[in-house]
Protein chains: 2
Amino acid sequence: MLDAGLHLLADQNLASLGVREVTREAGLSPAAFYRHFPDLAALGVALVEESLASLHVMIRSVLAEAGGAEEVIDRAVDVIEQHVREHRSHVRFLSRERHGGVRQVREAIDAELGRFATEVGAALALQPVSRGWSERDLRMLAELYVDRMVSTASAFLEAQESGPARERGIADAARFQLRLISLGRRHWQGS
Amino acid sequence: MLDAGLHLLADQNLASLGVREVTREAGLSPAAFYRHFPDLAALGVALVEESLASLHVMIRSVLAEAGGAEEVIDRAVDVIEQHVREHRSHVRFLSRERHGGVRQVREAIDAELGRFATEVGAALALQPVSRGWSERDLRMLAELYVDRMVSTASAFLEAQESGPARERGIADAARFQLRLISLGRRHWQGS
DNA sequence: CCATTCAGTAAACAGTCGTTTGCCGAACTT
DNA sequence: AAGTTCGGCAAACGACTGTTTACTGAATGG
């Protein structure tokens, strides 16, 4: 049922999805839906969890790898690109419903992204560059990184349909922007 | 009719909007809709134009004002906050449909944001800090700024419903992140 | 002053929708 | 072996949907 929903949401909105539509796609009877979810919103938050699980392991794999800023950035962009390629529907779902019309889903995504930011912040705190940074500033930096990650993923989503040239353009821009941020970070002195 | 649609879209998705729904809200008969739009998608792109008109004047007002980086940033964040306050529905519509389920609307928004980036890029090129920057790099920087502007606006949208404390938090984060970027920009040397 | 466009209407069309109900077989539990 | 939960079904309910058609009055223009 989750797969059916995800498939339908390829070119549709969660709010415009119908119970019958989902069950039809899944090859079940309409009543079967209510055996598993009370709402379509509930199916939405289930999809959020499913989608962010894979994203989570991706983030960890980037954070685990230590190394110079340049290498980390290159690797991060590569990992994002590959992740989008392998989980198109999940990424599309997240990017579409992050500001979508179903509050419960929006909130679930936001909460999970917040947890990501916490994780990124913890990793940043361990790096020597962060000496003297307040916790608040680290948090805001982490949010900036997470936000860029999401934006980049959305951009890849569209780019991968427009040929590899545009795809390389996105990767270049992402690397440039991340380098700029990390450069600013190194020259930052207190707020 | 546009106003009716915008009002409905406060807690709904363009893709899940109905013709009858709109006309009912507008106090007209269903058939009247087709006198003005062939599609709901057409109403969508009309709303895009309406929404981005006001955004456009906002951007210009920020770009026009010269001054130190700090002052420009502070003023930009203030202008964004005020704009969101005065045009809640428009901003919500844009943020929701930017990655929404209706392709024509998505493309209209993207095209317009691209034009914004061009405008921002032109303004950045005039500043002395940009000596030696390639056009490509300037473009990517401009896109980073536009993207942050949109993200910040979305954040304000949610924050203004959660009280002024959260609102100040968003403003602080936005200023911090913009300062970090402009710092990176000053220390950038070629790509 | 006549013709035409404009913006609106009511009515009808055939579908689709969400949800509830009662029923059923299979699989577990005890 | 008996009982209970689980996941599934068909059928039915009324309500709502997008779109077309034929018609109407007012404004506009020559």
salt_bridge(B:E143, B:R139) N-O dist < 4.0 Å: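 Between B:R139 and B:E143 there is a salt bridge, with a charged N closer than 4.0 Å to a carboxylate O.
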
Touch class at under 4.0 angstrom, heavy-atom based, for A:A32 against every strand present: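 Sugar-phosphate contact only - A:A32 comes under 4.0 Å of backbone atoms but never of a base.
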
Aromatic plane relationship, B:H87 with B:H83 - under 30° parallel, 30 to 60° tilted, over 60° perpendicular: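 Parallel.
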
B:H187 and A:H187 aromatic ring geometry - parallel, tilted or perpendicular at 30°/60° bounds: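 Parallel: the ring planes of A:H187 and B:H187 meet at under 30°.
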
Side chain proximity check, B:I59 to B:M149, heavy atoms < 4.5 angstrom: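 Side chain of B:I59 against side chain of B:M149, heavy atoms only: contact under 4.5 Å found.
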
Where protein sits on nucleotides 15-20 of chain C, one letter per nucleotide: B base, S sugar-phosphate only, - none, heavy atoms under 4.0 Å: --BBBB

A:R106 atom CZ: more than 12 heavy-atom contacts under 6.0 Å: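 Above 12, so yes.
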
Summary of side-chain hydrogen bond (donor to acceptor under 3.5 Å, both in side chains) pairs that have at least one residue in residues 46-57 of chain B, sequence neighbours excluded: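 Sorted result for residues 46-57 of chain B: B:E50-B:H90, B:H56-B:E119.
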
Stem list, DNA chain C (Watson-Crick or G-U pairing under 3.5 Å, at least 3 consecutive pairs):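 Looking at DNA chain C, the stems formed by three or more consecutive pairs are C:1-30 with D:1-30.
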
Residue among A:R166, A:R85, A:R88 satisfying salt bridge (charged side-chain N to carboxylate O under 4.0 Å, His left out) with A:E161: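 Single salt bridge (charged side-chain N to carboxylate O under 4.0 Å, His left out) partner of A:E161 among A:R166, A:R85, A:R88: A:R88.
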
Which atom of B:V22 lies closest to which atom of B:G5, heavy atoms considered: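 For B:V22 and B:G5, the tightest heavy-atom pair comes out as CG1-N, 4.4 Å.
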
